[in-house]
Amino acid sequence: MLEEYKGKRNFKISPEPSGDNGSERKNEYIDKINLNPTTHDELATIHRFVFQKHKATHLHFDFRLESVKNNVLLSWAIPKGPSLDPSVKRLAIRTEDHPIDYLTFEGIIPKGNYGAGSVTVWDIGTFSLESEIDAKSSGKKPPHTTSLSEDISDIIHKKGKVTFNLYGQKIKGKFSLVKTRTSNQWLLIKHKDKYAIEVASKDNKNKNQKAESHNKPDLTETTHTNIVDDHTTKIQKNNCKVKEIAKEHYQTAECGCQLDETQKDITANNSSLNHLPKLIFFERVKPMLSCAADTAFNNRDWVFEIKWDGIRAITLVDKLTQTCKIKSRSGEDITYRYPELENAFKNAFMKNNFRDFVVLDGEIVLLDSKGYPNFQKHQKRMNVTSDRNIQYLSKIYPVVLYIFDILYLDGQNLTSYPFIQRRKILSHLFTTEKNGLIRISDFVEEAGLNVFETIQKMNLEGVIAKLKSSQYVEGIRSKSWLKIKNVKTQDCIIIGYTKGEGNRKNYFGSLLLAAIDKSSQNTTTINNPKLIFIGHTGSGFSCGVLSDIYEILRDLVVSSSPIDYVPYLNRHTIWVKPKVVIEVKFTDWTNNKIMRAPIFQRIRTDKSPSECTIENTIDTIIPIVKINERSRENDLTSNIFKNNNSKMNEISGSKDGLPVSNVEKEFWPQTKSHSSVTKGDLIEYYSKMYTHLLPFIIDRPLSLSRYPNGITGDAFYQKDWKTKRPGFVKTVKVYSESNNSAINYIVCNNQQTLRWLINLGCIEIHPWNSRVFDYDQCDNVNNVENDKCGLNYPDFIIFDLDPYINIDTQDESKEPLYNLESFKATVEIAYSLKRIFEDLKIKSFVKTSGKTGLHIFVPIVNYYTYDQTRQFAKVISQILNQRVPNKITTNWKTSDRKGKIFFDYNQNSFGKTLASVFSVRPVEGATVSVPLEWEKLDEINPQEFTLFNVPDVYRRSNPWVGLLSSKQNLEEILGRISSLDI
DNA sequence: GCCCTTA
DNA sequence: TAAGGGCAACGCCTT
DNA sequence: AAGGCG
């Protein structure tokens, strides 16, 4: 009987009853529920039930009914617990039978076990099966008994429906359990009787009485106090006031997540939310959400507002400090993004009728010149973080704030007031200017259909219907706020599909859609209508439809696109004959005439492709860019075609299985001297060279310089890695004075990381000149400069020689020759430097920068700080300047550098980097920074060393092999400087 | 946003 | 029933 | 390039 129960549990670990205590019914449970059976027979007729509160992964209720016949507890898990409202059906999932002992079980099921979490008895009592009870006496005189001949387990197996009366301390009255079509799913429904509480009814006298009573103390208080789950322990340890408040709030919220709105409001009223300091209230409050509804309606109890297409914003306006604070739907502080709103509030402070502060709910909207919301423009603003851009954008694209609710006023929580009253308060509060940035969102009573018609004509996003009497329910999708979206629909022709991922890998991921563009009819004939691409849809398919459509499409596959021009592809595409018609809904047309967020609705077997025309839309049609105008799109398209037979698999699959992307992407465009170099070529180069490269970058923080679109595309620097990364990628947090916080640097200590970096578009690698000593110490302001961290102690002194730049003669045709000339001049200086080093008996190493300069490394023991090595380098630069007067400059100013070699000793500083040895440089020719023998330096042209030949040239020898082990002592060297001949 | 799974 | 996870679209900004 | 947002 209890095999399933036993099989799921390990009774050596779990305190739950094993179910092996024999079958004797014990009096003790009966005693607990205050019955005094006098005979054994009477005892046998008593059927008991229990509701247990089970804090497992989710808080839920376990409902158990005793089957005397089988000596087990029939069990259901009820996520939301019982409801006393007959109109509320509660899902009950049938779970395995439990032993009778479980009736009074309370305890903690340890982590890792089945049902891990705490179990408490929430209500316990007896029940009687309905069929045995005289309807009149139902609920009045509990008979507590059921005939021995009928057992609940029989009814359940036979009928899939059972009705019974519960006689508990919290839960009383008639209930039914009804089986649904899906296996194991039942519904627990309260019948109408004197215990029922109908929340929905308006003339309900027991308004304040809860339909559900999860918050009542548990019956077994004493036992319960021993049951402490992780969460409460944690909270109990914090006893500062704020945390106490947080605790209360959390606990009500924890229950509240399962409550319906009426009860949620009541708990909010009773909680300390009413007295919260303003900041705490503001920070904690979550926006109330709305449920989706299909159609608008007319109803006296409702009001209707425009659904503004913008960004939800909760605002704290503080009159005392003359500030406002705006937070987004997710709780992020976004005040700084909208300086114009801050200003507007400042100006409004004098003119409003509140004393202290208010908390408002609204939507930030960017309006176009005609006053219509423009979300696409808004997107350009909403993620911008740089101050300058924010200021600029706030002037050219200012936003407005439509306020539609007030949650808090001068220390008073208004969330439990009826909506209509809150709106009254709100309208008395502000005198808003007609074209000011702070506006109150209008509403219309009753006439929802009219409002919807109007917003449809205006092409707005939709309407929100709000129940006049409703309270503000935080963070909940409440049915008292309904969104009715102005959705558009479109019949489309499927022209292709992409492969699905994850559990959709055996089907398609999305469908490529096309329709007939009426506006270009003049270029087409009736027999050959012009199909244009209008987007991908990947949502709205149920399991069955997914496979149905897939089966249909598989027979229609063709080798190339059935339409002339597809502006972009998001992944590998399989084309199909344009035969199948579907209907999708979508929110709007984007600027490129692509549907925004299209959702599959249904297959239209009743329509032919020729009927799929695009309806006229109000917004202006912006012509789609031609292929030639957008080379990037062109590239993407061709890449995807090429991928079928490309070396993508060769590179990603066979070598090490690390994922790479867009290997065919052109990173260096073709030139007279070389064909184009792809990202795949770059990956191949580094995979050949990693043994040479890795020793020079291990344990060194990296500054990434990224070129995701090749050397001609936009590039950016990146130091702080904030998002996720593969497990093999090491990082180190380094304290930064300028940020007054730690920067999380990438460290490349293995081949996989190198591959990952290259795939991110890091053409070159920029390591620090010092290594991490202890990865856990560098984020500490006190350690970052001492030897615990290690990063302040470089391994080499570096000299960066850059040839003169002649700004006047930037003529690309002369470039190679010109470069060689300046390189030769740099070599001369390098040799002079080398002679100084020889005089000082210093070992030095040279590499090309990969461009026209040279990098000279003097390896040292890492005992000296950057400040010391920089001083040393400065001394060397002075000596050099005396030996070769007027040939070098250490001045950054380019005018000063004209005709001279720039000798940069300032690179010997904390956090400064150079492109590492064997780095490919993002310049024409895909040249590489290569190490050289000093003697060979005047024989080579740095342009000769490219990503293509370096692996071969350096396969056998590496002039820098001894570098890392040649750790020289600066003090000895300094001793020799004084006796140096200039 | 939608579907599916989970309890 | 309803919350959470997985999978999709598009355009945008960020690093 | 990849993540995150609405």
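Each chain gets a letter, A, B and so on, in the order the sequences are listed, and its residues count up from 1.
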If you look at every heavy atom in A:Q185 and A:L91, which pair is closest and at what distance?
->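 Closest pair (atom of A:Q185, atom of A:L91, distance): OE1-CD1, 3.5 Å.
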Counting the atoms with a prime plus P, OP1 and OP2 as sugar-phosphate, which does [X] contact under 4.0 Å by heavy atoms, base, sugar-phosphate, or nothing?
{"X": "A:F600", "result": "nothing"}
{"X": "A:K585", "result": "sugar-phosphate"}
{"X": "A:G540", "result": "sugar-phosphate"}
{"X": "A:I599", "result": "sugar-phosphate"}
{"X": "A:K483", "result": "sugar-phosphate"}

Answer yes if the side chains of A:N709 and A:K665 hold a donor-acceptor pair under 3.5 Å, and no otherwise.
-> yes
Do A:N744 and A:K719 have side-chain atoms, one donor and one acceptor, less than 3.5 Å apart?
-> no
Taking it one step at a time, do A:Y707 and A:F716 satisfy ring pair (Phe, Tyr, Trp, His ring centres under 6.0 Å)?
-> CA-CA 7 Å; A:Y707 297 78; A:F716 59 91; 8.7 Å; no
B:dG1 and D:dC5, which share atom name P, separated by this distance in whole Å = 15 Å
For A:W308, which of A:Y402, A:Y372, A:F375 qualifies under ring-ring contact (aromatic ring centres under 6.0 Å, His included)?
->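 That would be A:Y402; it is the only one of A:Y402, A:Y372, A:F375 passing the ring-ring contact (aromatic ring centres under 6.0 Å, His included) with A:W308.
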Figure out the [atom1]/[atom2] separation between [X] and [N], and round it to whole Å.
{"X": "A:K665", "N": "D:dA1", "atom1": "NZ", "atom2": "C1'", "answer": "8 Å"}
{"X": "A:H54", "N": "B:dA7", "atom1": "NE2", "atom2": "C1'", "answer": "10 Å"}
{"X": "A:F61", "N": "B:dT6", "atom1": "CZ", "atom2": "P", "answer": "23 Å"}
{"X": "A:H378", "N": "D:dC5", "atom1": "NE2", "atom2": "P", "answer": "16 Å"}
{"X": "A:K485", "N": "D:dG6", "atom1": "NZ", "atom2": "P", "answer": "14 Å"}
{"X": "A:F375", "N": "B:dG1", "atom1": "CZ", "atom2": "C1'", "answer": "14 Å"}
{"X": "A:I549", "N": "B:dC3", "atom1": "CD1", "atom2": "P", "answer": "12 Å"}
{"X": "A:Y507", "N": "B:dC2", "atom1": "OH", "atom2": "P", "answer": "21 Å"}

Spacing of CG belonging to A:L553 relative to CG belonging to A:D548, to within rounding of 0.5 Å |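 Interatomic distance, A:L553 CG to A:D548 CG, rounded to 0.5 Å: 10.5 Å.
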State whether A:E332 and A:R337 are salt-bridged, where the test is any N-O pair (Lys NZ or Arg NE/NH1/NH2 against Asp/Glu carboxylate O) under 4.0 Å.
->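 A salt bridge is present here (some side-chain N lies under 4.0 Å from a carboxylate O).
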Nucleotide nearest A:I93 (side chain, heavy atoms from C-beta), chosen from B:dC4, D:dA2, B:dA7 | B:dA7
Once each nucleotide of nucleotides 8-15 of chain C is scored for protein heavy atoms under 4.0 Å, what B/S/- sequence comes out, 5' to 3'?
-> SSSBBSSB
For DNA chain B, whose closest nucleotide is more 5', that of A:L91 or that of A:S542?
->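 Upstream on the strand: A:S542.
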